[in-house]
Each structure stands twice: as C-alpha cells, then as structure tokens.
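Remember, predicted model here, so these are calculated numbers, not experimental data. Letters A, B, ... are given to chains in the order of the sequence lines, protein chains preceding strands, and every chain is numbered from 1.
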Amino acid sequence: MTREDIIKPENLVYRRTPVLTDNVMHYCPGCGHGVIHRIIAEVVEEMGIQENTIAIAPVGCSVLAYNYFEIDCIEAAHGRAPALATAIKRLYPEHFVFSYQGDGDLAAIGTGETIHTCNRGENITMIFVNNGIYGMTGGQMAPTTLSGMKTATSPFGRDTEIMGNPLNITELIAKLPGAYYVTRQAVYTPALARKCKKAIRQAFENQKLKKGVSFVEVVSNCNSGWKLAPVKANEWLEENMLKYYPLGDLKVPEGK
Amino acid sequence: MAFRGTLVIDIERCKGCAVCTTGCPNKCIALSKMVNKKGYNYLEMINEEACIGCANCAVICPDGVLTVYRVKI
Ligand SMILES: Cc1ncc(C[n+]2csc(CCOP(=O)(O)OP(=O)(O)O)c2C)c(N)n1
Ligand code: SF4
Ligand code: SF4
Ligand code: SF4
Ligand SMILES: [Mg+2]
C-alpha cells in the first residue's frame with residue numbers, strides 16, 4: 001500500500017481545526033499553550049458554537065491568543081480576564097464565554113478577580129495554564145513557583161522562608177460554593193491531552209446548566225523559563241510539578 | 001483490527017520540538033537533519049510502514065503541523 005493510497009479524504013482521521021486561524025503561533029517550540037489552544041478550538045468546533053463563543057485573553061505569553069482563535073476575542077488588562085468574562089456573560093447569557101490565563105495573571109495580579117468571580121459563581125469557563133513561572137517577561141518567580149525551583153528572580157531556588165509557599169489556588173477555588181466543576185489536567189502525553197479535551201468539553205457544556213464557574217487548570221511547561229529543551233521540560237513537569245499539583249478532579253457536580 | 005496510517009507534515013509550521021516523537025508507539029517519526037526556512041529541524045517519517053494512524057503525535061503537537069490518514073488493512 002502506497003502513501004497515495006492512504007492519503008484520501010475518506011481516510012482522514014486528524015487535521016488542524018478550522019477554529020484556529022492559519023497564523024503560526026509565536027509560542028516557543030514545544031510550549032503547552034499551543035496544545036491547549038488547539039484543544040479549546042476543537043471543543044468549540046465539535047460543539048458547533050464558533051459563532052457564539054467569546055474568548056477573553058490575558059496578559060502573559062497568551063496575550064496574543066486572539067490571533068489564533070477564529071472566534072470573537074477580547075484581551076483583558078493584566079489579571080482582569082474573569083472580571084471581563086463576568087461582564088460579557090451577563091450581557092450575553094446565551095453565549096459561551098471563557099477566560100484563558102496564565103498563573104501570573106490568574107494567581108498573582110488577578111487573584112482578587114479570580115477568587116471573587118469563582119465565589120460569585122459566574123456561569124463561565126475558566127482555563128488556567130499553570131507553568132509555575134512568568135513566561136512572557138523572562139521567567140520570573142510566580143506565586144505558583146515550586147519550592148526550590150530556580151527562576152530569574154530566585155536564582156538559588158525558591159526559598160519558602162523568605163519567598164512564601166507555592167500557591168495551590170485551584171484547591172482554594174474548589175472550596176468556593178460558586179465553583180461548580182474544578183479539575184486539574186495536563187497535555188504532555190496523548191492520553192492526557194485526550195483526557196484534558198474531555199474536561200474542557202465538560203467545562204463548556206456546563207455553561208448550558210447555569211450553575212457556576214467551571215474551572216480547568218492545565219499544568220503546563222515553560223521551556224524557555226525553565227531553561228530546558230521541550231521534551232526534558234515535559235519530563236521535569238511530570239517529576240516535579242505533578243507532586244505539588246496532582247492531576248484529577250477537585251470538584252465534580254453531584255451525580256456526575 | 002489492523003491499520004495503516006501516514007502523516008502529512010506541514011514542514012514550514014514545524015518548530016522541531018520533538019514532543020510528538022514521545023507519543024508515537026512505533027517510533028515512526030524523528031527530527032530531520034535538514035532545516036526549514038526558520039532553521040528548525042523539522043519532523044519527518046523514518047518508519048512509515050509502521051504507522052498505524054493513531055494520531056498520538058498530532059494530539060500533542062503544539063503547532064498543528066500534522067494531518068493524519070488511516071486505512072483498515
Ligand atoms: C499591570 C502589569 N504588571 C505587570 C506586567 C508585566 N507582566 C506581563 S506578563 C506577566 C506575567 C505573565 O505570567 P503568566 O500569567 O504566568 O503567563 P505565562 O507567560 O507564563 O503564560 C507580567 C508580570 C504587565 N504587563 N502589566
Ligand atoms: S516563554 Fe514559556 S510560556 Fe511563553 S511561549 Fe515560551 S515556553 Fe511558552
Ligand atoms: S499516527 Fe501514530 S503511529 Fe503514526 S506517526 Fe503518529 S503517533 Fe506514530
Ligand atoms: S510536535 Fe509538532 S512542532 Fe514539534 S516536532 Fe512534532 S510536528 Fe514539529
Ligand atoms: Mg506562567
């Protein structure tokens with residue numbers, strides 16, 4: 001059987017979703033942001049909601065997310081994506097609204113917006129990309145940076161005596177009554193990426209129920225900030241990040 | 001049920017990160033010694049006969065480089 005026999009429209013099993021634009025993403029090679037964007041776009045495609053989905057991009061490496069989603073997007077001030085998402089969802093309650101934020105955006109400058117949006121139980125989907133570092137600005141320590149982890153501003157490793165403890169904000173959020181569905185996922189293996197897609201699908205479907213925030217943390221990498229080649233960075237993620245940020249559901253709706 | 005698969009690789013979009021190679025069950029893919037216009041060692045198939053079209057590579061590629069085809073054999 002030749003290549004030509006296989007490459008036929010009826011044999012297609014996977015192609016780049018048209019809910020992503022043709023633009024080449026500016027992310028570093030191997031960065032999880034690209035995979036997470038693609039999964040969200042595929043969910044939007046599969047649910048048939050491209051025309052009535054609105055994305056809120058953050059400040060951070062994904063500040064330019066609007067260049068990549070073939071859907072309506074707004075870029076929020078640093079940390080304010082959940083506040084903007086709140087406003088948009090209240091004005092367009094039948095639209096699917098999601099925020100997309102890094103850990104610096106969601107768990108540092110935007111902690112207030114994050115907590116209160118979840119506590120109010122806004123009927124939105126929040127995607128939280130946790131790579132334990134400020135990727136965009138050159139790899140500074142974030143609240144989520146692991147104990148002992150080296151960054152540009154903790155060159156000898158995070159010393160929790162001076163620099164405080166890593167913040168597991170997703171656990172906090174799970175305790176809030178307004179949080180309806182809270183889960184932690186990853187995308188560095190095919191099985192995990194497929195599982196993450198199911199979780200993100202669930203998080204979007206939940207908006208139909210109007211029961212509160214659906215919150216998906218994705219533990220991701222920052223090859224540049226971590227100063228590791230992409231494959232090594234994913235190994236480091238598995239060995240280190242998952243100890244402090246274990247994968248799995250933190251809160252599932254009753255009866256699910 | 002057995003499958004034969006193959007990839008169409010958008011070479012200019014590839015950033016040579018090699019993440020996809022870690023997901024392939026049959027070691028069908030590897031980075032080329034050649035580079036694309038941006039200077040990245042792009043992905044190529046090194047063992048096309050062993051490809052089963054599982055799309056594992058494609059679902060972890062951050063840059064949407066891969067299109068996967070599959071037939072039953
Ligand atoms: C008001 C304000 N303060 C600080 C900055 C600098 N800044 C830009 S991105 C960023 C943090 C980004 O980190 P994260 O949210 O984790 O995103 P990543 O790049 O890691 O995906 C900071 C502090 C800014 N742009 N605006
Ligand atoms: S700096 Fe880090 S988070 Fe930003 S694109 Fe590069 S790898 Fe991704
Ligand atoms: S489709 Fe599956 S078998 Fe074929 S190259 Fe990709 S991962 Fe390997
Ligand atoms: S994962 Fe994508 S960008 Fe990275 S080497 Fe494979 S095909 Fe290229
Ligand atoms: Mg970050």
Exercise. When you check the side-chain N and O atoms of Gln207(A) and Thr125(A), is any donor under 3.5 Å from an acceptor?
Worked result: yes
For this session: Identify which part of Val65(B) has an atom lying under 4.5 Å from any heavy atom of chain A, answering side chain, backbone, both or neither.
Result: neither
Exercise. Do side-chain atoms of Asp105(A) reach the backbone of Gly79(A) as a donor and acceptor pair under 3.5 angstrom?
Worked result: yes
Exercise. Between the side chain of Asn23(A) and the main-chain N/O of Met25(A), is any donor-acceptor distance below 3.5 Å?
Worked result: no
Exercise. Cut-off 3.5 Å, side chains only: do Arg201(A) and Asn206(A) have a donor facing an acceptor?
Worked result: no
Exercise. Chain A heavy atoms under 4.5 Å from Cys51(B): which part of the residue, side chain, backbone, both or neither?
Worked result: neither
For this session: Can you tell which part of Leu66(B) gets under 4.5 Å to a heavy atom of chain A, answering side chain, backbone, both or neither?
Result: backbone
Exercise. Of the backbone (N, CA, C, O) and the side chain (C-beta and beyond), which part of Lys8(A) lies under 4.5 Å from a heavy atom of chain B, both, or neither?
Worked result: backbone
Exercise. Ile54(A) versus Phe96(A): any side-chain heavy-atom pair under 4.5 Å?
Worked result: no
Exercise. Pick from Arg194(A), His37(A), Arg15(A), His33(A): which one has the most heavy-atom pairs with chain B under 4.5 Å?
Worked result: Arg194(A)
Problem set entry | Heavy-atom proximity to chain A below 4.5 Å, by part of Thr22(B) | side chain
Problem set entry | Between Glu217(A) and Thr170(A), a side-chain donor and acceptor under 3.5 Å | yes
For this session: Among Thr17(A), Leu12(A), Thr189(A), Ile36(A), single out the residue with the greatest number of heavy-atom pairs under 4.5 Å to chain B.
Result: Leu12(A)
For this session: Give the intermediate values and the outcome of salt bridge (charged side-chain N to carboxylate O under 4.0 Å, His left out) for residues Glu12(B) and Lys38(B).
Result: CA-CA 8 Å; Glu12(B) 292 308 325; Lys38(B) 291 203 176 111; over 6 Å; no
For this session: Could you tell me which portion of Arg38(A) (side chain, backbone, both or neither) has an atom closer than 4.5 angstrom to a non-hydrogen atom of chain B?
Result: side chain
Problem set entry | Between Gly34(A), Ala229(A), Ala193(A), the one whose heavy-atom pairs under 4.5 Å with chain B are most numerous | Gly34(A)
For this session: Taking atom types as modelled, find out whether Tyr68(A) and His26(A) have a side-chain donor-acceptor pair closer than 3.5 angstrom.
Result: yes
Problem set entry | Region of Tyr188(A) that comes under 4.5 Å of a non-hydrogen atom in chain B | backbone
Problem set entry | Segment of Val187(A) engaging chain B (4.5 angstrom heavy-atom cut-off) | backbone
